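All remarks here apply to the structure that follows.
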Protein chains: 2
Amino acid sequence: MASRAAGSSAPTIVDVAAQAGVSIKTVSRVLNQEPGVQEKTREQVLKVVAELKYRPKLSARSLAGARSFLIGLLYYDPSAAFVAGVQQGATLRCREAGYHLVVESLHNDAPDIDSQVERVVSALRPDGMVLTPPLCDNPKVLKALRESGTPCVLMSPGRQAKGQASVRMDDVHAAEEVTNLLISLGHERIGFIRGASDQAASGLRYQGFANAMKAHGLGLDPELIQQGDFTFQSGVDGAHQLLSRRVRPTAVFASNDDMALGVLAAAQRLGLAVPSDLSIAGFDDSPAASLVWPPLTTVRQPVDQMARMAVEMLIAANRSDAQPLAESDLHRVLPYELLVRNSTCAPAAKPVTKRK
Amino acid sequence: MASRAAGSSAPTIVDVAAQAGVSIKTVSRVLNQEPGVQEKTREQVLKVVAELKYRPKLSARSLAGARSFLIGLLYYDPSAAFVAGVQQGATLRCREAGYHLVVESLHNDAPDIDSQVERVVSALRPDGMVLTPPLCDNPKVLKALRESGTPCVLMSPGRQAKGQASVRMDDVHAAEEVTNLLISLGHERIGFIRGASDQAASGLRYQGFANAMKAHGLGLDPELIQQGDFTFQSGVDGAHQLLSRRVRPTAVFASNDDMALGVLAAAQRLGLAVPSDLSIAGFDDSPAASLVWPPLTTVRQPVDQMARMAVEMLIAANRSDAQPLAESDLHRVLPYELLVRNSTCAPAAKPVTKRK
DNA sequence: CTGAAAGCGCTTACAG
DNA sequence: CTGAAAGCGCTTACAG
C-alpha cells in the first residue's frame, strides 16, 4: 500500500491568515460564514483559501468547537434496500451541509448494545443520530443515547414518543389505498397477510386494510386473514392457507413484498395464473418486486427522502440559533407512492363462490 | 429534539491521571497498549478508566496523533445488496479495532468527482479508503486519492494495478464451476448472457464459461451468446433471442442474477417450465434470487468477507510498525460459494435438436 | 469590523 | 519504567 504523502504538509488556517494578511480569527469567521467581516476582507480570504486549496481539518474544528460535523446512522439490517436508501438520502444531505455520515451496524439483541452505543457516541461525539427500525424501538439504545445527550431522529418508529423527533410515512393510509384499488377492480374476497407481530408497521397496515374493507361494507372474514412474519416463507404458508379455503379469495394483499413474492410463488406452483386467477399486492417496492413476472403492485416508501429529512432536522437543531421544535413539528410524515403494476387486475369471473 | 446533556462533562485523560495518581502520559500508554508500563500501574489505570467510564475523544487523538481512526467507504450504488454486504463486513471489523466507518455516496460520472474526493479526504483525513466498483476503476478518483496520500484498497477492481492493494473473488473460476455444473447435468446447448461490457467482471465470467465449454469440447456457438448489461430487461431480451433459435438451448447461464431473473420471467411468459424445459443459472446471490420460484442456482460472492479483509489491510498498514506489503500479498482472492438450487436440473429430453 | 490569548484533549518527542 | 512540556489546528470568550 502506498505510504503516506511526504513533503509539505497541508495548509492550515495559519498559512491562510498569513497569506491574506489577517488574523486566523478572521479566516475562521469567513469560513464559518459569521457576520462582521468586511466584504473586501472576506473576498481576499476566500481567494487565498482557493489558491492554497485550504480545507479545515475536522478533528481540529471538532475539538475546539461545539460541533463534530458527524452524523451517526445506527442500523440492524433487515433489508439491504432499506439501508441503502437511507444512506443515499443521508449522505447526500450531509455532504451538502459539510457533514459526514458514520455508520454502525449493531445487533438488536446484543446484551451489551447499550454500552456499544455509549462507546460509539463518546468516541465520535456525533452532532446527531439517525435510528432505523428495529433499533429505533429498542429501549436500551434510546436510553443510552438520551443519557449521552445526543439528539436523535427515529425513522418509522413503532411508538411516537413525545418530544422525540421522528420521520415516517403514512402506513395506514397507504394500506387503505392498496385495498381500495383492489376493491375498485371488483374484488370482494380479499385475503390479507399480516406482518411480524412485534413490528409497528404490521398493525398500521392491517388497520388500513380493515378501514377500507369496512368503509365498503365488506367486513373482515377471519378466514381470510393470516398471520405472517414478513418473510418469503410466511407468504408461501399464508397463501396455502388462503388458497385452500372452500371459497378462495380472488386477491391477496400481503403486508410486504417478500411475503407477496411468497404468495406469487405458491400461486404459480398451484397452477394459478397471476393476476387473472389471483391478484397480488405487496408493500415496500423491494428490488425483487419488479424483477418477477408479473411485477408486483406495491407501495414505495420514500426511504431516502425520510433519511434526508432526518438529517435535515438534526443539522437544523445543531445550529447555535436553533429553537426547540414544537411537538407538531417533531413528527414528520412523508408522502408515499402507490405503484400499480401487473400483479393486479379485475377478477376473471364475477367474484362468486365457486370451486376450481 | 432533546438539548445537549448539561451538567458535568465527560471525564478526560486528566481526570483519569489524577484519580490514578499517574501522569497523563502513562494513561495514554496504557490505553494505546504501549510497552513499558508496570503491570501494577496498568491495572490501576484500567480500574480508574472503568470506574469513570472514560473514553478517549476521537477528535483529540486524531488532532494530536498520526491516526484518525476513520476508514472511508466510497461507493456509487449499483446494487443495494452489495453495498449492504460491504458495510456489514467493514463496520464490524472497524468496531473490533476501534475504528469507525464513514460512508460517502458519489456519482461516478460527476465532473467534479476528484474535488469531491479531495474535499472528503482533507476534512476527514481517514486512515484508509475502501473503494467499490465502479469507483475503484475511476482514474480521477484514484488520482485524487493518490495525491492525498490516502492508502486505498480496491474491491473487485477491473485491472489489478501494481502496488495497489485489492480484494476480489475468482470470477473466472466461479463461472467455470457453474458451467461445469450445467454440463455435468447433461446440458450441451447452453446459452450465455454477458454482463455490461464496461465492467471487468463481465469479461472474467465469460472467460470462465468459455474455458469450461472448450474443456468439454462443446465449442462456443455465437448464436448462443448474447450481450446484456446486467439489467433485468437485458435478461428478458437476451432470453427472447436465445429461445427463438431454431435449436433452443436447454440451459441459460446469465452473468448476474438480475439478468437471470429476466430469463426466468421471459421463460414463464413463453410457457416454458423451469427447470424442466429450461435450466437457468445466475451470479451474485442477490436477495431476489431466493425469492422467486424456482429459486436460482447462483454464486455467492463473499462480499462482507472481502470488505472485512479490505479494512483489515488498511488497519494493518496503518500501524506504526507496519512493513510495506510484497506485491503478492497486495492482492487477495477470497473463496466464493456455489449455490445449487432448483432452477437447474438435467434437460427433460436428451438434448437433441427439436422444435417445440 | 478585527485580533491576541487561551484552551479543547489528546500524542509526540525528549528527559530522566 | 515514568513524566513535564510542547504542540496538533481549530473555536471560544473577551478586548478594542
Side-chain angles (χ1 to χ4, degrees), chain A residues 4 8-45 48-49 52-70 98 122-125 127 318-321, chain B residues 4 8-45 48-49 52-70 98 122-125 127 318-321:
Chain A
R4 274 294 183 180
S8 60
S9 51
T12 71
I13 196 171
V14 174
D15 300 319
V16 176
Q19 185 87 244
V22 298
S23 73
I24 61 167
K25 178 58 204 170
T26 295
V27 177
S28 176
R29 283 200 181 91
V30 171
L31 259 27
N32 290 300
Q33 313 192 57
E34 285 172 30
V37 180
Q38 205 169 255
E39 187 52 32
K40 208 179 108 195
T41 313
R42 167 184 306 279
E43 278 170 13
Q44 168 64 5
V45 169
V48 175
V49 165
L52 263 45
K53 283 196 175 185
Y54 167 67
R55 316 271 186 221
K57 202 168 167 174
L58 213 66
S59 56
R61 300 183 77 183
S62 182
L63 181 59
R67 299 178 291 176
S68 68
F69 297 95
L70 257 26
S122 34
L124 253 25
R125 315 284 164 108
D127 293 334
N318 198 38
R319 279 199 280 266
S320 51
D321 59 343
Chain B
R4 278 290 186 181
S8 61
S9 51
T12 72
I13 196 170
V14 175
D15 300 319
V16 176
Q19 185 86 244
V22 298
S23 72
I24 62 169
K25 176 62 202 166
T26 296
V27 177
S28 176
R29 282 198 181 91
V30 171
L31 259 26
N32 291 301
Q33 313 192 54
E34 286 171 30
V37 179
Q38 205 168 256
E39 187 52 32
K40 208 178 105 195
T41 313
R42 166 183 307 280
E43 279 170 13
Q44 169 64 7
V45 169
V48 175
V49 165
L52 264 45
K53 284 195 173 183
Y54 167 67
R55 316 272 185 219
K57 202 167 167 174
L58 215 65
S59 55
R61 299 183 76 182
S62 183
L63 182 59
R67 297 179 292 176
S68 68
F69 299 95
L70 256 26
S122 34
L124 252 26
R125 316 286 163 107
D127 292 335
N318 198 38
R319 278 199 279 265
S320 51
D321 60 342

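Computed from a predicted structure; not experimentally measured. A note on names: the letters A, B, ... follow the listed sequences, proteins ahead of strands, and every chain is numbered from 1.
Two residues, A:Arg67 and B:Gly21, neighbour DNA chain D, and the one matched to the more 5' nucleotide by heavy-atom proximity is B:Gly21. Nearest-nucleotide assignment on DNA chain C puts the 5′-proximal partner with A:Val22, out of B:Pro11 and A:Val22.
Looking at every heavy atom in both residues, A:Gln19 comes nearest to A:Leu52 through NE2-CD1, 3.8 Å.
With values rounded to the nearest 0.5 angstrom, B:Ser68 atom OG is found 7.5 Å from B:Asn318 atom CG. Taking CD1 of B:Ile13 as the reference point, atom CZ of B:Arg55 lies at 14.5 Å (rounded to 0.5 Å).
We find that CD of A:Glu39 is positioned 10 Å from P of C:dC1, with the value rounded to whole Å. The distance from atom CZ of A:Arg29 to atom C1' of C:dA4 is 12 Å, rounded to the nearest whole Å. As rounded to whole Å, 19 Å separates atom P of D:dG7 from atom CD1 of A:Ile13. As rounded to whole Å, 16 Å separates atom P of C:dG7 from atom NZ of B:Lys57. Protein atom CZ of B:Phe69 is 11 Å distant from nucleotide atom C1' of C:dC10, rounded to whole Å. One can place CZ of B:Arg61 at 18 Å from P of D:dG9, the figure rounded to the nearest angstrom. Distance B:Lys40 NZ to D:dC1 C1': 13 Å, rounded to the nearest Å. Atom CG in A:Leu52 sits roughly 15 Å away from atom C1' in D:dG9 (whole-Å rounding).
When distances run from any side-chain atom of B:Leu63 to the nucleotides C:dT11, C:dC10, D:dC8, the shortest one goes to D:dC8. Checking D:dG9, D:dT2, C:dG9 against every side-chain atom of A:Ala60, the shortest atom distance belongs to D:dG9. Taking only side-chain atoms of A:Tyr54, from C-beta outward, the nucleotide of C:dA4, D:dG3, D:dC10 with the closest atom is D:dC10. Residue B:Ser23 has its side chain nearest to D:dG3 when only C:dT11, D:dG3, C:dC10 are considered. Of the candidates C:dT12, D:dG7, D:dT11, the closest approach to any side-chain atom of B:Ala66 belongs to C:dT12.
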* Please test B:Leu31 against B:Ser28 for side chain to side chain contact (heavy atoms under 4.5 Å, CB included), starting from the C-alpha separation and ending with a verdict. => CA-CA 5 Å; B:Leu31 259 26; B:Ser28 176; 5.8 Å; no
* To do: Check the pair B:Gln38 / B:Gln44 against side chain to side chain contact (heavy atoms under 4.5 Å, CB included), numbers first and verdict last.
  => CA-CA 10 Å; B:Gln38 205 168 256; B:Gln44 169 64 7; over 6 Å; no
* **Trace of the side chain to side chain contact (heavy atoms under 4.5 Å, CB included) decision for A:Arg61 with A:Asn32** => CA-CA 11 Å; A:Arg61 300 183 77 183; A:Asn32 290 300; 2.7 Å; yes
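The phosphate of D:dG9 has neither OP1 nor OP2 within less than 4.0 Å of any side-chain N or O from A:Thr12. Here B:Ser28 reaches the OP1 or OP2 of C:dT11: one of its side-chain N or O atoms lies under 4.0 Å away.
Within 4.0 Å (heavy atoms only), A:Val14 reaches no atom of the nucleic acid at all. Here A:Ser59 lies out of heavy-atom contact (under 4.0 Å) with every strand. Nucleic acid contact for B:Lys25: base, since at least one base atom lies under 4.0 Å from a heavy atom of the residue. The residue B:Thr41 sits close only to the backbone: its heavy atoms come under 4.0 Å of sugar-phosphate atoms, none of a base.
The partner of C:dA4, taking Watson-Crick or G-U wobble pairs whose two distances both stay under 3.5 Å, does not exist in any strand shown. For D:dA13, there is no paired base (Watson-Crick or G-U wobble, both distances below 3.5 Å).
With hydrogens and angles ignored, no donor-acceptor pair closer than 3.5 Å exists between the side chain of A:Arg125 and the base of C:dG9.
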